[in-house]
Amino acid sequence: MTGLEIWLLAIGLAMDCFAVSIASGIILKHTQWRPMLVMAFAFGFFQALMPFIGWMFAKSFSHLIESVDHWIAFAILAFLGGRMIFESFKEEECCQLFNPTKLKVVFTMAIATSIDALAIGISFAFLGVQDYTQILSPICIIGLVSFVMSLIGLIFGIQCGCGIARKLKAELWGGIILVIIGLKILVEHLFFQ
């Protein structure tokens with residue numbers, strides 16, 4: 001993957017964090033730096049950790065399916081992106097009942113929003129990443145982007161409220177980015193290798 005693809009992937013993954021952070025900011029109603037930084041750190045940490053876990057798991061058997069690895073990477077990215085696109089059209093109450101200042105809630109949300117990142121780690125193994133040094137840069141970028149997007153989402157939620165947050169369709173754009181990256185991987189392997 002190129003540097004641009006990694007940044008786009010990180011932005012796509014961070015859209016879940018961004019959307020949850022907006023909802024959390026709406027609930028917080030005013031700036032509270034400690035819980036905001038804890039939430040952003042937790043989101044960034046788990047978004048960076050999960051791809052590493054997925055990669056560690058999948059690299060042990062990726063050589064067995066080398067001939068179809070590009071199809072698997074495409075399927076994972078297309079599925080995750082498609083699910084995000086589908087979820088973006090669901091009508092949901094913007095302000096759900098949860099307390100974003102509780103650590104248990106924050107860690108639950110951080111894990112829930114990073115499940116997609118676990119699958120991305122699996123696709124890294126299928127793309128031939130064999131050494132942990134090759135994955136350090138992408139996971140650091142994913143973690144950093146998720147941290148920043150979470151803080152932006154929190155501040156946005158506090159400042160703008162529910163109405164504007166729905167119009168952004170962050171999950172829709174994140175899903176589109178993941179599907180495009182999956183298509184690019186498939187096209188490169190089918191026609192340019």
Side-chain angles (χ1 to χ4, degrees), residues 1 4-27 39 42-44 46-51 53-55 57-58 68-98 100 105-127 138 141-143 145-146 148-150 152-154 156-157 160-190:
M1 292 183 95
L4 177 62
E5 289 173 332
I6 292 169
W7 282 97
L8 288 173
L9 177 67
I11 291 168
L13 287 173
M15 289 303 177
D16 279 349
C17 298
F18 182 65
V20 171
S21 295
I22 290 172
S24 299
I26 292 166
I27 292 168
M39 181 180 289
F43 282 14
F46 279 100
Q47 287 283 354
L49 177 65
M50 291 298 204
I53 292 171
W55 171 77
F57 171 74
V68 293
D69 58 1
H70 52 282
W71 284 103
I72 294 170
F74 165 72
I76 290 171
L77 290 169
F79 172 76
L80 295 175
R83 194 183 78 203
M84 286 176 71
I85 292 167
F86 177 75
E87 293 289 323
S88 74
F89 291 104
K90 282 186 173 178
E91 283 297 321
E92 294 181 22
E93 236 352 89
C94 191
C95 299
Q96 298 169 346
L97 298 176
F98 63 90
V105 172
V106 169
F107 284 111
T108 302
M109 291 188 303
I111 292 169
T113 58
S114 66
I115 298 300
D116 294 351
L118 182 73
I120 296 300
I122 293 169
S123 70
F124 282 156
F126 294 148
L127 292 173
I141 291 169
I142 290 168
V145 169
S146 297
V148 171
M149 292 294 286
S150 298
I152 291 170
L154 284 161
F156 187 81
C160 299
C162 206
I164 294 175
R166 270 197 207 116
K167 292 178 185 171
L168 280 181
K169 294 284 188 189
E171 281 187 309
L172 173 67
W173 293 109
I176 290 170
I177 289 169
L178 293 182
V179 170
I180 289 171
I181 291 172
L183 283 170
K184 182 183 180 297
I185 289 168
L186 185 63
V187 167
E188 281 179 353
H189 278 271
L190 291 177

**Minimum heavy-atom distance Phe124-Pro51, with the two atoms named** = CE1-CB, 4.4 Å
**Item:** Spacing of CE belonging to Met39 relative to SG belonging to Cys17, to within rounding of 0.5 Å
**Value:** 10.0 Å
**Item:** Contacts of Phe57 that satisfy ring pair (Phe, Tyr, Trp, His ring centres under 6.0 Å) - sequence neighbours left out
**Value:** Phe61
**Item:** Partner residues of Leu49 under the side chain to side chain contact (heavy atoms under 4.5 Å, CB included) criterion, sequence neighbours left out
**Value:** Phe45, Phe46, Ile53
**Prompt:** How close do Pro100 and Val106 get, heavy atom to heavy atom, and via which atoms?
**Reply:** O-CG2, 3.3 Å
**Fill in**
One should read off an interatomic distance between Met109 CE and Ser114 OG, to the nearest 0.5 angstrom, of 12.0 Å
**Item:** CG on Leu8 to CD1 on Ile176, rounded to 0.5 Å
**Value:** 12.5 Å
**Request:** Could you walk me through whether Leu9 and Glu5 pass side chain to side chain contact (heavy atoms under 4.5 Å, CB included), step by step?
**Result:** CA-CA 6 Å; Leu9 177 67; Glu5 289 173 332; over 6 Å; no
**Complete:** Between Val145 and Ala14, the two heavy atoms sitting closest are CG1-CB, 3.9 Å
**Prompt:** In Å, rounded to the nearest 0.5 Å, how long is the span from CZ of Phe156 to CD1 of Ile26?
**Reply:** 8.5 Å
**Prompt:** Rounded to the nearest 0.5 Å, what separation is found between the CZ atom of Phe79 and the CZ atom of Phe74?
**Reply:** 13.0 Å
**Asked** Nearest heavy-atom pair of Ser24 and Leu154: which atoms, and what distance?
**Response** CB-CD2, 3.7 Å
**Request:** Using modelled atom types only, decide if a donor and an acceptor are shared between the side chain of Gln47 and the backbone of Thr113 within a distance under 3.5 Å.
**Result:** yes
**Message:** side chain to side chain contact (heavy atoms under 4.5 Å, CB included) for Ile180 and Lys184? Distances and angles first, verdict last.
**Reply:** CA-CA 6 Å; Ile180 289 171; Lys184 182 183 180 297; 5.5 Å; no
**Request:** Of all the heavy-atom pairs spanning Ile115 and Met50, show the shortest one and how long it is.
**Result:** CD1-CE, 4.4 Å
**Item:** Gly143 to Ala48 - nearest heavy-atom pair and separation
**Value:** CA-CB, 3.9 Å
**Prompt:** Atom OG in Ser146, atom CD1 in Ile141: separation rounded to 0.5 Å?
**Reply:** 11.5 Å
